[in-house]
Amino acid sequence: MINLMRHSNLQQILKGCDQCVLCGLCLPHCPTYQVEHNECESPRGRIVLIQALMQGNLDSLKIDLSSLEHCLLCRSCEAVCPSKVPYGEIITLTRDELSPKKSRLVSQLMDAVAEPQQMQQMLSKLKLYKKSGLQKLVQAGGLLSGLLKGELRAAEGLLKHASVERLQDYYPAKSEFQGDVQLFVGCMGESFDQQTVRDAIALLNGLGFGVKIAHPASCCGAMHHHNGEINKGSELKTISLSRLTNDTTDVVLGLAGSCVARLNEGSEEASAPSIIEITDFLVENLAKVTEGISVVNKKVAVHQPCSNKNLLNNFDKTIELLNKISGLELLTLPTYGCCGASGIHMVSDAEHARKFLADTVEWLAVEKPDLIVSQNMGCMFHISSEMTRQNMGIEVIHPLSLLRSAFADKI
Ligand code: SF4
Ligand code: SF4
């Protein structure tokens, strides 16, 4: 369900759409088109629909606009478009224009990532949920698990990795001091993916870097920006950047590619620091480290998040990092170019999001890797949740966690 249009972004949207020459070269790269084989679920189909809507040739209240909500914003189409159509901008502005309605759970999650106070309330409930033993029951796949459907099951996937522990503001270096870095962990890192954050800190400390963590946690704004709330997204991004600029002498690192891309995108904060995705930084600083790395004899399926592939263009750095560990057999986890997580999409339309893992699950059943690694937190949760649902017993972790375990003797 979509509300009435506001017409505030109309000219910008139409200008972007006009760049499309309808060549269709993007279609084979679009995950929704690959899964549905339907022009409406392709970049070209969406552009034609958006154009007709913005020109007033269609009534947004009378037609099915679900294809616009199905777009995963992976931007694979943009990466291959010869006409440089700004597809990401077109779809985010259109969603802002149409203001998609959200369920109560999705609204609560979006409010929680935006407001540290609400996140605290959510964590208090989580504490109770964990303490009561209810979480163990759900994760064990018992009666309650069978009752969890769609959104709730996806939300449980988030809770699986959740932690109520607080991180320190500063973690000192544990070898010859090289300098301090700030680590942007985003709105979810501390609460929902603390293990990855702690592994990243341990690696940085072991390499001689002190690590500062900004409190309270703040959000890059990507979730709001991509889901019809551009102003709120920009406000959150500005807050995050202002916290990161407190000490301009530090290098600022980001853990999630999608957050790094969002914080670095656009010129509205010209004086803002450039955030470096942690993989790039570690590759550079681990270049001289050749000792103290254990041999890990494991078959590892490596997931390629679309943010690293299409926005940061640094996925090769992940492979470079993993290649420092002897004994690994690395396989590429096949997806349609996007695993379907797409931020809040894995919760707001869980059944649609799962479609993009159907072939992946079949492949995993044949290849039987020991581990899956993904450097995007949302993708990790989504894939991990599917592994639980399919009873596949394959753990999904961040590549940095694997790296840290291989460096266990050194750091
Ligand atoms: S978005 Fe680009 S690649 Fe796709 S149909 Fe339009 S011009 Fe062609
Ligand atoms: S952003 Fe991704 S899902 Fe959306 S139209 Fe482009 S390729 Fe398809």
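Whatever order the structure lists them in is the order used to number ligands and atoms, beginning at 1.
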* Asked: Around Glu367, counting heavy atoms of other residues, nucleotides and ligands shown, do more than 12 lie under 6.0 Å from its CD?
  -> yes

* Asked: Looking at Val21, which atoms of ligand 1 are within less than 4.0 Å of one of its heavy atoms?
  -> 7 (S)

* Asked: Backbone, side chain, both or neither: what part of Leu73 comes under 4.0 angstrom of ligand 2, heavy atoms only?
  -> backbone

* To do: Verify the distance criterion only: is there a donor paired with an acceptor across the side chains of Ser76 and His29 at less than 3.5 Å?
  => no

* For atom NZ of Lys15, decide whether the heavy atoms of other residues, nucleotides or ligands shown that lie under 6.0 angstrom number more than 12. => no

* Taking atom types as modelled, is there a side-chain donor on Asp18 or Gln51 under 3.5 Å from an acceptor on the other? -> yes

* Minimum heavy-atom distance Leu207-Asn285, with the two atoms named -> CD2-O, 3.9 Å

* atom 8 (Fe) of ligand 1 reached by Cys23 (N, O or S, under 2.8 Å) -> yes

* Counting heavy atoms only, which part of Leu22 comes closer than 4.0 Å to ligand 1: side chain, backbone, both or neither? -> backbone

* Asked: Leu371 and side chain to side chain contact (heavy atoms under 4.5 Å, CB included): which partner among Val300, Val396, Val296?
  -> Val300

* Asked: Short list, please: which atoms of ligand 1 are under 4.0 Å from a heavy atom of Ser83?
  -> 7 (S)

* Please state whether the rings of His352 and His70 are parallel, tilted or perpendicular, taking 30° and 60° as the class boundaries. => parallel

* Can you tell me if NZ on Lys102 sees more than 12 non-hydrogen neighbours from other groups inside 6.0 Å? -> yes

* To do: Give the residue and atom name of whichever protein heavy atom lies nearest to atom 6 (Fe) of ligand 1, and the separation in Å to one decimal.
  => Cys20 SG, 2.3 Å

Donor-acceptor pairs are to be reported for all side-chain atoms of residues 214-222 against protein atoms at under 3.5 Å, with residues two or more places apart or in another chain.
from	atom 1	to	atom 2	distance (Å)
His215	ND1	Asp169	OD1	2.6
His215	NE2	Glu190	OE1	3.4
His215	NE2	Glu190	OE2	3.2
Ser218	OG	Ser240	OG	2.9

* Quick one: name the protein N/O/S atoms under 2.8 Å from atom 8 (Fe) of ligand 2, chain by chain. => Cys30 SG

* **Numbering as shown, the atoms of ligand 2 that approach Arg75 to under 4.0 Å (heavy-atom distance)** => 1 (S), 2 (Fe)

* To do: Please identify which atoms of ligand 1 are closer than 4.0 Å to at least one heavy atom of Gly24.
  => 5 (S), 8 (Fe)

* Atom CG of Asn313 with >12 non-hydrogen neighbours under 6.0 angstrom -> no

* Asked: Atoms of ligand 1 less than 4.0 Å from Pro82 heavy atoms?
  -> 3 (S)

* Top protein contact for atom 2 (Fe) of ligand 1, by heavy-atom distance -> Cys81 SG, 2.3 Å

* Asked: Is there a donor-acceptor contact under 3.5 Å linking the side chains of Thr94 and Arg46?
  -> no

